[in-house]
Number of protein chains: 2
Amino acid sequence: MINIISIDLKNPKPIFEQVKDGFKNLIICGVLSSEEKIPSVREMAQELAINPNTIQKAYRELEAEGYVYQVVGKGTFVAPVVPLENQARIDELILEIEDLARELIYLGVAKPDIISILDKL
Amino acid sequence: MINIISIDLKNPKPIFEQVKDGFKNLIICGVLSSEEKIPSVREMAQELAINPNTIQKAYRELEAEGYVYQVVGKGTFVAPVVPLENQARIDELILEIEDLARELIYLGVAKPDIISILDKL
DNA sequence: GTAGTGTATTACATCACATAATACATCTAC
DNA sequence: GTAGATGTATTATGTGATGTAATACACTAC
């Protein structure tokens, strides 16, 4: 499993967050499926040439947000998603998407154009 | 102009960023209109009990993003928006809103429900 | 001249982030 | 039992972001 995600050291976003977002996107886009095992902390650390503790921090937050689960001695696996269960996260995302949409409208993008973009997803 | 924005010291988001986002939201929502003067760096610092340099950092970024403009000796004013001019920011927001929408869909929120939320704005 | 404004600089303290090293517990295969 | 692989935890250290404090300068309006 080569180059599954990448890190940009110039990116001001912390490394552990880039790792977290990288895996989250792979899960959301279906590249990683439910119950699939993801690279171990040490393996990922070696591949990205960063510290295993940094990877563990990323994996820890992924688990906290319900995207993966970790089993001592076995590894880290993609958690099955239970539709509409993670209400706290859904609420948070709705607030964020509303903010972004308001800013887009303020910048002159028509609401139908925004809706059209989402319709294409 | 009392309590125009507020700061939450427990919020992990840096203070300068809370100030920036606070003003940005006031501008986007129309609470602050084009060419309106916003509180001076020293005035805002006093009201929020934080350092003027921190306020200046927030205002500096607002100016860099095109929301305000600063005039030495006069103050800081809401910049008039030119529809569809800030294409770089629009592109950035579109990528973000797509990411958020994908995550919402992954979490079980139906696309029509997301579109309905945006339609209400 | 004075008051109010933005802007800049230096120095300092705190905290987030990342690394390095090490060790422990669990699981699996042999 | 042991080795290898796995997650988990801890301590110590260094770097950079953040925020403060203090000070000074230039500009504007009166």
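Sequence lines set the chain letters: A, B, ... in the order given, protein chains first and strands last, and positions in each chain run from 1.
Residue B:S40 places its side chain closer to C:dT5 than to any other of D:dT8, D:dT6, C:dT5. Closest approach to the B:N53 side chain among C:dT9, D:dA26, D:dT8 is made by C:dT9 (side chain taken as heavy atoms from C-beta onward). Which of D:dG7, D:dA26, D:dT18 sits closest to the side chain of B:P14 comes down to D:dT18. Side-chain proximity of A:V41 to D:dT6, C:dT28, D:dG7: nearest is D:dG7.
Residue B:Q70 places at least one side-chain N or O closer than 4.0 Å to OP1 or OP2 of C:dT7. Between D:dT18 and B:T54, no contact under 4.0 Å exists linking OP1 or OP2 to a side-chain N or O. For the pair B:K74 and D:dA29, the criterion of a side-chain N or O lying under 4.0 Å from OP1 or OP2 is met.
The 12-atom threshold is not exceeded at CD of B:Q46, counting heavy atoms of other residues, nucleotides or ligands nearer than 6.0 Å.
Below the 3.5 angstrom threshold, one finds no donor paired with an acceptor across the side chain of A:N51 and the base of C:dA18. With hydrogens and angles ignored, a donor-acceptor pair under 3.5 angstrom links the side chain of A:R42 to the base of D:dG7.
Taking the six-membered ring where tryptophan is involved, the planes of B:Y67 and A:Y106 are essentially parallel, since the angle between them stays under 30° and well short of 60°.
Between A:Q56 and B:V72, the one whose closest nucleotide on DNA chain D sits nearer the 5' end is A:Q56.
We find that A:R89 and A:E92 are joined by a salt bridge, their nearest charged nitrogen and carboxylate oxygen being less than 4.0 Å apart.
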